[in-house]
Trainee: 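Dropping a structure here in structure tokens format, bear with me for questions.
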Amino acid sequence: MFSANTNFVADNAPLLHNLNPEQLAAVTLPTGHALILAGAGSGKTRVLTTRIAWLLQTGRVTPGGILAVTFTNKAAKEMVVRLGTMLPVNVRGMWIGTFHGLCNRLLRAHYKLANLPSTFQILDTQDQLSAIKRLMKQFNIDDQQYPAKQTQWFIGNCKEEGLRPDAVEGHDPQTRKKVEIYALYEEQCQREGVVDFGELMLRSYELLRDHDSVREHYQRRFRHILIDEFQDTNKLQYAWIKMLSGYGAKDLAAGTSIPGGSVLAVGDDDQSIYAFRGARVGNMADFVREFGVTQQIKLEQNYRSFSNILDSANQLISHNSNRLGKDLRTDQGPGEPVRVVESPRDLDEAQWIVDEVKQLVRDGMARQEIAVLYRSNAQSRVIETALFNAAIPYRVYGGLRFFERAEIKHALAYLRLLENPNDDTSFLRVVNFPPRGIGARSLEILQDTARSSGCSLHDAVSAIPGKAGANFGAFVAKLDVLREQSQGLSLREIIDLVLDHSGLLAHFKADREGEDRVENLEELVNAAESFVSQQGFGRDAVALPVDELGVPLTQSPASQGLDPNTPATEGFIDQDSGETLSPLAAFLTHAALEAGDNQAKAGQDAVQLMTVHSAKGLEFDAVFVGGMEEGLFPHENSLSDRQGLEEERRLMYVAITRARQRLYLSFSQSRLLHGQTRYNPRSRFFEELPESALKWITSKTSGYGSSSFTPKSIAAGAGGYSAGGRFNKEDAPFASPPVPPQKEAPSHGLRVGMKVFHTKFGEGKVNLLEGKGDDARAQINFPRHGVKWLALSVAKLTPVP
DNA sequence: GAGACGAGGTTTTTT
DNA sequence: ACCTCGTCTC
């Protein structure tokens, strides 16, 4: 993939070929900070990579002066691959990766200054949670009062705010207790030589902040810093960028004149959908202000969708306030109208989608070019069932990723213990797996011993007497033998050895249901194999500085184009010389930072099912968005405040702009959710779309008896609905809640949108209605008391005219 | 140490 | 309704 590109032509005409004026301006921006507002489908990635290629090719920067940051490994990989097609240059020397990958790289290079062991391991979210649980158990902290999940969230938030335990203000006993746990957790991690994801960011930020020589070195080195998806950065990531670019607080205060690099931030405020996990769209405005950005470019030419789709997106998003402002345009014609489909039940909605998918496929569309999107994962089930019954191949995104599977985590735990015996999380995971007669009681003793002598579980083993001690001893001895035997072996051989001698493979082979797990373990060997070949670790090869990317970063010297490594400062080496990471350590890092695919096996031409969130960045010929109902999309948990609603609207914007040719928005009068049938009005977003771009369709009422897919309806094909029957908005079906088909109508007489009076809460408005008879409940928004769910058989409500 | 049973929780997700 | 997790029992 990176071998010399024979099509390469030395002058940069082909590089800039076919760029529109805005793209060209962005690619050839002069030195200085800049913000690019890149709309959906506007060629953002192309601009970013062409920019880098242009900078290199025109000699404005050497590879060593480039720092490019993305959020996902996928995006980083794509950037590297695309660069490879543009330039004959290898990418060594350039720092291209995710925030966390780059932080890892910084910390590995300066582990001593960062106060970490050279073998430090990375805790993923699961590991972190179990580490917290273990700690809370050990210190007898009530997990009813302080749920581990909540504590994890608290710690993560503190780190994102850049706060160490001593800096967190605890105004109430609850918070003070959490801070205490936070401090204990930090101690534990430090003792065990592990860092969580938040720690990677924070520790590398502090490294830059506290060590002038390090910071200044990188500030001098990185002449061009490019950040993708800038709207998704959190507070700490923004601060990290400031540090690297010479805008750190210290530099400003001290007035040092480090010639900071140019920061190019690329993002789209309209596609900011991760506020719930700490992303701050406000960073875009802050960036413009704090960096004195004078160059702003909007990429509004869309190369993806027809104008009916784009008009819908534009009009919807115009209902948001505080936008930086942007309108997508296209040269393609209007295209097909956006089809809006109403169904009586979720089952009918699913059936309608299936029928339409069949029609599209019959018309020649590839199944993998068709996506069904939904707001929440719970919605996928009905659609899966319908697709399954119709024998249409499909892929569901989401769920456990490869390196997160239990058997893989077990294997990795053994491998991690070879590298770092003090990793107690890994120790506990496998000390009795496969079972070797070590029970909870023995473990308790071991943990107490370790705590009182302040050492790791591994080191405490020798102090345990009796039979338990012997069992522990055997386990530790096994690890020691494995560690000994693994010396000089290739990564593949090490993994084979561990799978075999740990008993993992035998354990799952003996299990009747363990077939998949055995397969996965074998897949782990393959993953290691391909990791090694991509990284260029040969058995005798010199270990190279680790890089988190699963792309070839090493080439034979002959194929290296430009000067690969350009330490910008004399006498300062990025990687501590002599300190290299073993293939095993590199692989473990890779496993932690890149959890692998979270999708079903690729290859088969299958319809794509995923949440709107995971569809970000993707595009399809045809897109179905199901469950367009109030309470679902926008989600009821987001309705209480304006910001929440605006994020839902951006989410909808993302959903719409995924479609190239055809877009279907569908809603159902009733839906089974959490075991109850709910009747929600159609989404308010329909009122925000341009009527002229829409075509309203009513899916055929397929009867309320059988819900299974019959051969008859296959024959009926896409004719299972009546097209063109646009209904009148004035007498839309939701003037009153639809009557549940086989059941009696709600007897309470309430309707969504109705004003009601409650003796305690006062006046309120009905948000949602669900259930029937004695189970009937209403969600009511009381301006004074917030949103409440009330059982109608109990609550005394009087309608207010 | 494995299977049964009950409780709790169900917006979105990457590293 | 359904799935995951933890605990209890045999």
Side-chain angles (χ1 to χ4, degrees), chain A residues 69-76 97-104 122-130 133 137 143-144 147-150 153 156 159-160 195-202 204 228-229 232-234 236-237 272-279 346 373-382 385 397-401 403-404 406 432-441 507 511 513 548 589-598 610-617 627 631-640 644 647-648 650-652 654-655 671-678:
Chain A
V69 196
T70 64
F71 268 85
T72 63
N73 291 298
K74 197 177 157 202
T98 62
F99 274 103
H100 293 84
L102 296 167
C103 288
N104 171 62
I122 299 166
L123 295 185
D124 67 16
T125 316
Q126 281 178 42
D127 297 332
Q128 188 192 23
L129 186 65
S130 64
K133 280 185 181 164
K137 210 168 200 170
D143 63 349
Q144 295 282 310
K149 273 246 172 68
Q150 215 175 294
W153 183 82
K159 291 189 179 182
E160 254 175 37
V195 296
D196 59 45
F197 289 131
E199 189 69 25
L200 281 172
M201 276 310 311
L202 181 52
S204 63
D228 194 12
E229 306 280 15
D232 287 338
T233 50
N234 64 32
L236 181 56
Q237 286 158 341
S272 158
I273 54 173
Y274 286 113
F276 73 92
R277 64 171 200 218
D346 46 359
L373 310 183
Y374 32 80
R375 172 69 238 270
S376 60
N377 285 306
Q379 290 168 250
S380 76
R381 178 173 228 90
V382 198
T385 309
Y397 286 66
L400 272 196
R401 337 252 287 289
F403 286 112
E404 291 167 351
N432 196 36
F433 196 93
R436 44 177 75 88
I438 295 174
R441 186 78 200 107
H507 175 84
D511 185 350
E513 320 243 291
E548 69 289 345
T589 301
H590 165 79
L593 287 178
E594 193 169 352
D597 271 347
N598 65 343
M610 66 191 86
T611 63
V612 180
H613 280 93
S614 28
K616 189 175 164 207
L632 247 161
F633 202 176
H635 196 276
E636 58 195 5
N637 295 1
S638 308
L639 290 178
S640 47
E647 180 145 318
E648 295 290 311
R650 291 192 293 269
L651 200 49
M652 185 64 206
V654 168
R671 181 175 299 276
L672 201 59
L673 203 64
H674 308 320
Q676 280 196 308
T677 308
R678 306 173 46 139

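Values below: every heavy atom of this structure, side chains too, minus hydrogens, waters and symmetry copies. A, B, ... follow the sequence lines: proteins, then strands. Residue 1 opens every chain. No experiment lies behind these values; they were computed from the predicted model shown.
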Trainee: Over how many whole Å does the gap from A:Q150 atom CD to B:dG8 atom C1' extend?
Mentor: 15 Å
Trainee: Would you say the base of B:dT12 and the side-chain of A:S638 have a donor-acceptor pair closer than 3.5 Å?
Mentor: no
Trainee: Hey, is A:Y274 stacking on B:dT14? Ring centres under 5.5 Å, planes under 30°.
Mentor: no
Trainee: Hey, is the side chain of A:N234 poking within less than 4.0 Å of OP1 or OP2 on B:dT14, counting only N and O atoms?
Mentor: no
Trainee: When you check the phosphate oxygens OP1 and OP2 of B:dT12, does a side-chain N or O of A:N377 lie under 4.0 Å from one of them?
Mentor: yes
Trainee: Are A:R277 and B:dT11 close enough that a side-chain N or O sits under 4.0 Å from OP1 or OP2?
Mentor: no
Trainee: State, without any angle test, whether A:Q379 and A:S376 hold a side-chain donor-acceptor pair at a distance under 3.5 Å.
Mentor: yes
Trainee: So, for A:F71 and A:H100, is the gap between ring centers shorter than 6.0 Å?
Mentor: no
Trainee: Considering every strand and a 4.0 Å limit on heavy-atom distances, what is the contact class for A:G617: base, sugar-phosphate, or nothing?
Mentor: nothing
Trainee: How many whole angstroms separate atom CD of A:Q126 from atom C1' of B:dT13?
Mentor: 14 Å
Trainee: Closer than 4.0 Å, any side-chain N/O of A:R401 to the OP1 or OP2 of B:dT15?
Mentor: yes
Trainee: Return whichever of A:I273 or A:E404 has its heavy-atom-nearest nucleotide of DNA chain B closer to the 5' end.
Mentor: A:I273
Trainee: A:Q144 CD to B:dG8 P: how many Å, rounded?
Mentor: 8 Å
Trainee: Counting just side-chain N and O atoms, does A:K74 come under 4.0 Å of either OP1 or OP2 of B:dT14?
Mentor: no
Trainee: Within this structure, what is the CE-to-P distance between A:M610 and B:dT11, rounded to whole angstrom?
Mentor: 21 Å
Trainee: Nearest nucleotide by nearest heavy atom, which residue falls closer to the 5' end of DNA chain B, A:F99 or A:N432?
Mentor: A:N432
Trainee: Output the rounded distance in Å from CZ (A:R678) to P (C:dA1).
Mentor: 15 Å
Trainee: Can you find a side chain N or O atom of A:T125 that sits less than 4.0 Å from OP1 or OP2 on B:dT15?
Mentor: no
Trainee: Quick one: closest heavy-atom pair of A:I122 and A:L593, and the distance?
Mentor: CD1-CG, 4.0 Å
Trainee: Which nucleotide in the set C:dA1, B:dT15, B:dT13 lies at the smallest distance from any side-chain heavy atom of A:S614?
Mentor: B:dT13
Trainee: Using the six-membered ring wherever Trp is involved, compare the ring planes of A:H613 and A:Y274 and label them parallel, tilted or perpendicular (cut-offs 30° and 60°).
Mentor: tilted
